[in-house]
Visitor: 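Provided herewith is a single structure, encoded as structure tokens, for subsequent inquiry.
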Amino acid sequence: MIAALLAAGVLAVSSPVPAAASDGEVSFTSHGVTLHGTVVAPEGGGPAPGIVMVHGSGEHDRDDYRAEAEAFAKAGIATLIYDKRTEGYSLFERDYSVLADDALAAVQTLRSRPGVDPARVGVWGLSEGGWVAPLAASKSKDVAFAVTVGANGVSPDRQQSWAFETYLRHGGVTGSMVDMVSSTNMRTLAGAGVFPEAGYDPVPVLEKVRQPVLGLWGELDRLTPPGEAVRIFRETLERAGNRQYTLKVFPQAQHGLRQTTDGFDKLDGFAPGYLDLVAKWVNGPKNGLSADPPPVQAGQSVALAPLAWHEAPWMQIGVWALALLTFAAYPVTALFRRRKDVPLARPARWLASTGLLATAGFLVYYVVLTTGAAMAPGPVLFGRTLPWLALQLIAVGVVVTGVITAISWWRRKEPGGVRVGLLLAGAVLFIPWAVHWGLLVP
């Protein structure tokens, strides 16, 4: 998912175990890739339960979860943290089944460690790991339990769409830019196949999980729709007959269960009671069920509609490219005209200029937005970010100069009819494309 990174923090957990033992370095292989990790174990005592920590989205190494691992070790739990795979995982490539197999390989490694009770080793997953950890549990009875933090009950494309809209509206953005980023953009990425696992449905997987489940959410989660997640987890586990679950919502906590004032900032320290609850639940009996009421969300997530034929990525890219070429062709061909005494028509020059700025500028800003800037939109004027406002004004300029150019060309019959005709054809292509992407929509 656009994913959240859980930074390191320290919060002591009450425990009879005084300290963690020295770290133990481990390696294991999954799908031809050797992964490296660390076992943070409790000091002394009998066979301990174990947790394998499964990463959120993006690049992660074992140290991203060391704070939790050390807290769990002090509570008597052996915890394996590992460096996330980079081979086969990127912004445009990932497979949750492979990630689940990575976690299962880590489970087998932890189960084989001296001082670990192999019958009490489970998985913990944050954010994207909230899709992966239940999948791992559904694939193997060797997983004793599943703990999720900020897990989703909806698909990645639906979650990311909701998160984009939530962050944009928090930044004061309204109107067409919100729709472009959260809907048109997400549907196009999914349709183009460059949003891996976009339609992954967590519900059928949850239905197969027979192990005890501890689901944890922050009341002010702005990356995962928490109210829907709590409801979907409860309904799915009940329907599947799993009567060993605890679903807990922490007040004044954000996605990664850090303390927060509004869900968008991240304060020092974890939500009070979070680490203690995990420790007590893993160490104690897990029979029975408990579920907090779903928290109130700012808005409901919406399933994204499939692309219509005219919205197909190849068609949108083709129209954009043709418009760009026609706008660029007018000034370029002017360099090779033999009749140097015939200047470019002023309206045509303006049409070519605004057209180039609009098409090329949109591409640049689109890349910036979809690679993270939508989560921090920056200064806003009239409900629009300044770059988006500029692009919309330029797009209006394309329409205005296109009309003026067409009228001037018709009335004056100036030379260069083919060149002007192609330029106007580009303007005609530009209009429906700009409407689709919100540049000509309020």
Visitor: Closer than 4.0 angstrom, basic N to acidic O: yes or no for K84 and D61?
Guide: no
Visitor: Looking at E235, I'd like to know if its CD atom is crowded, meaning that more than 12 non-hydrogen atoms belonging to other residues, nucleotides or ligands lie closer than 6.0 Å.
Guide: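 For E235, atom CD is crowded (more than 12 foreign heavy atoms under 6.0 Å).
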Visitor: Assess the residue pair S301 and E228 against the criterion (side chain to side chain donor-acceptor pair (under 3.5 Å)); give the C-alpha distance rounded to whole Å, side-chain angles, the decisive distance to 0.1 Å, and a yes or no.
Guide: CA-CA 8 Å; S301 71; E228 294 172 57; 2.6 Å; yes
Visitor: On the six-membered ring of Y245, is R234 placed so that its NZ or CZ lies under 6.0 angstrom from the centre and within 45° of the ring axis?
Guide: no
Visitor: Flag the pair K139 and D101 as a salt bridge only when some basic side-chain nitrogen lies within less than 4.0 angstrom of an acidic carboxylate oxygen.
Guide: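 Yes, K139 and D101 are salt-bridged.
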Visitor: State yes or no: are the ring centers of W437 and F362 separated by less than 6.0 Å?
Guide: yes
Visitor: Mind checking the CG-OG1 spacing from L423 to T405? Nearest 0.5 Å is all I need.
Guide: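 Spacing of CG (L423) from OG1 (T405) equals 6.5 Å.
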Visitor: Is it the case that the side chains of S183 and E165 hold a donor-acceptor pair, with the cut-off being a distance below 3.5 Å and no angle test?
Guide: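 S183 and E165 do not have a side-chain donor-acceptor pair below 3.5 Å.
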Visitor: Any chance the side chains of E219 and Q252 put a donor and an acceptor closer than 3.5 Å?
Guide: no
Visitor: Can you confirm if the aromatic rings of W124 and Y65 lie within a centre distance of less than 6.0 Å?
Guide: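 Here the rings of W124 and Y65 have centres that are less than 6.0 Å from each other.
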Visitor: On the ring face of Y82, is R62 found with NZ or CZ under 6.0 Å from the centre and within 45° of the axis?
Guide: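 That pair does not qualify as a cation-pi contact.
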Visitor: For F250 and Y274, take the angle between the two ring planes, folded into 0 to 90°, and tell me which bin it lands in: parallel under 30, tilted 30 to 60, perpendicular over 60.
Guide: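 Perpendicular: the ring planes of F250 and Y274 meet at over 60°.
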Visitor: Any chance the side chains of Q259 and D268 put a donor and an acceptor closer than 3.5 Å?
Guide: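 Judged by distance alone, the side chains do not pair up.
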